[in-house]
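In what follows, a structure is listed as structure tokens, so that the remarks can point back to it.
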Amino acid sequence: MTSTTYSDNSFDSTLISWYLKHKRDLPWRETTDPYKIWLSEIILQQTRVQQGLPYYERFVAQYPTVKDFAAAPQDEILRLWQGLGYYSRARNMHTTANHIVDELGGTFPTSYKELLKLKGVGKYTAAAIASFAFKEKVASVDGNVYRVLSRVFGMADDIASPKGQQAFSELANSLISEEHPDLFNQALMEFGAIQCTPANPNCMFCPFAQECVARSNGEQSSFPVKTKKVKVKKRFLHYLVFEHKGMLLMKQRKGKDIWQGLFDFYLIERDKFLTFDALISSLSSDEIWGTGLLETAMDNNVKESPDFKHILTHQRLSVRFFKVELPNAEKLQELSNHLGMSVLSIDEVNDSPKPILIENYLKEYIY
DNA sequence: AAATCGTGGAA
DNA sequence: TTTCCAAGATT
């Protein structure tokens, strides 16, 4: 185990001095409103500042208080969230906002321990809110912190394991500033974000260069240690886009698969790409809808899109769209009933939360 | 404990 | 192209 003593408590003051000189001006650093801090922290989970910033601005403008957030329809929140990914964050936020309004009198919990009970709020986020909004002395340990501490102190613990995470948490909490835990947490993350970066860290002007274990061995790129590897699953999706005069058939995704709560089209998944005819022939009995509809599809204008590739962290999607133009509104309604889908106008489609893949298809071939 | 859950940017 | 991964949480 690496010694966590850092010559007379100078780590925190050195770090904070660096921070005050180099920090970026970010809107969530201008407030101590726990609602806005919560909002920013959830948005920034696994998300770069540059990507999350415009979303934060839009959410604050649309929902100035947790009460406004709670009162909003979930679809509206998901639509605002569209493009950020990890949509459970938005769903959990809605649940938590309503919990705070209905059960906690509209007031956020004020301690790390209580914040941790909120849905979607884990150790990192609870510590961030507790320190930024309430000055609680608890270290927020994110990916930046793992990187900085592992390098400076030569911590080789695997950050993918709970045991390793605990070790880093203990180290961070041993270093945290007594007077300014909020600044300390901000500073450690900011240091990792713009100075002690994953690739090409700026060791030339690093205030910890002299004592950095990783640098002394020239092994900055070996830290932090992470063993976990994600295996990528390949999937082949075929979408049937039933359309008539600008009206589209869509369905809100449910269950445990990707994109829960978002809208897409009639989906047929196979273990490989199929042509339209082969696809129709492959339909099983429970996939076959009302009589005559297959023929309708076959007989009418079917426009096949070029193939789309869509990459998720753990899935590689190959996607093919077939736009089926139906002859009249009655057919569309009939299909809607059989498939349990909704008939949406272009405006309604636009207002519905959708995966980026679907949005890209719509922009290119429908709108 | 290991899998799952998005998207976009950079090396 | 491939790979990594970014202010993680949940199951």
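Side chains are part of it too, since the values below use all heavy atoms of this structure and drop only hydrogens, waters and symmetry mates. What you are looking at is a predicted structure, and each value in this text was computed from that prediction instead of being measured. Chain A is the first sequence line, chain B the second, and so forth, proteins listed ahead of strands; every chain is numbered from 1.
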Check your understanding: What interatomic distance, in whole Å, is found between P of C:dA9 and the corresponding atom of B:dG9?
Key -> 24 Å
Rounding to the closest angstrom, what is the interatomic distance between B:dA11 and C:dA7 at atom P?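 Nearest-Å result for B:dA11 against C:dA7 at atom P: 15 Å.
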The residue, A:Thr313 or A:Leu116, whose nearest nucleotide of DNA chain C is more 5′ is A:Thr313
Notebook entry, point to check: Taking for each residue the nucleotide of DNA chain C bearing the nearest heavy atom, is the 5' side occupied by A:Ser40 or by A:Arg316?
Noted result: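 Looking at DNA chain C, the more 5' nearest nucleotide goes with A:Arg316.
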Among [options], the one nearest [X] by side-chain distance:
X: A:Arg48; options: B:dT7, B:dA11, C:dA6; value: C:dA6
X: A:Thr125; options: C:dA7, C:dA9, B:dG6; value: C:dA9
X: A:Tyr86; options: C:dA7, B:dG6, B:dA1; value: B:dG6
X: A:Pro355; options: C:dA7, B:dT4, B:dT7; value: B:dT7
X: A:Gln51; options: C:dA7, B:dG6, B:dT4; value: B:dG6
X: A:Arg29; options: C:dT1, C:dA7, B:dA11; value: C:dA7
X: A:Thr47; options: B:dT7, C:dA7, B:dG6; value: B:dG6

Kindly check if the number of other-residue, nucleotide or ligand heavy atoms within 6.0 Å of [atom1] ([X]) is above 12?
X: A:Gln62; atom1: CD; value: yes
X: A:Lys23; atom1: NZ; value: yes
X: A:Lys323; atom1: NZ; value: yes
X: A:Lys113; atom1: NZ; value: no

Problem - B:dC5 phosphate, OP1 or OP2, under 4.0 Å from A:Gln315 side-chain N/O - result: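 Looking at the OP1 and OP2 atoms of B:dC5, one of them is under 4.0 Å from a side-chain N or O of A:Gln315.
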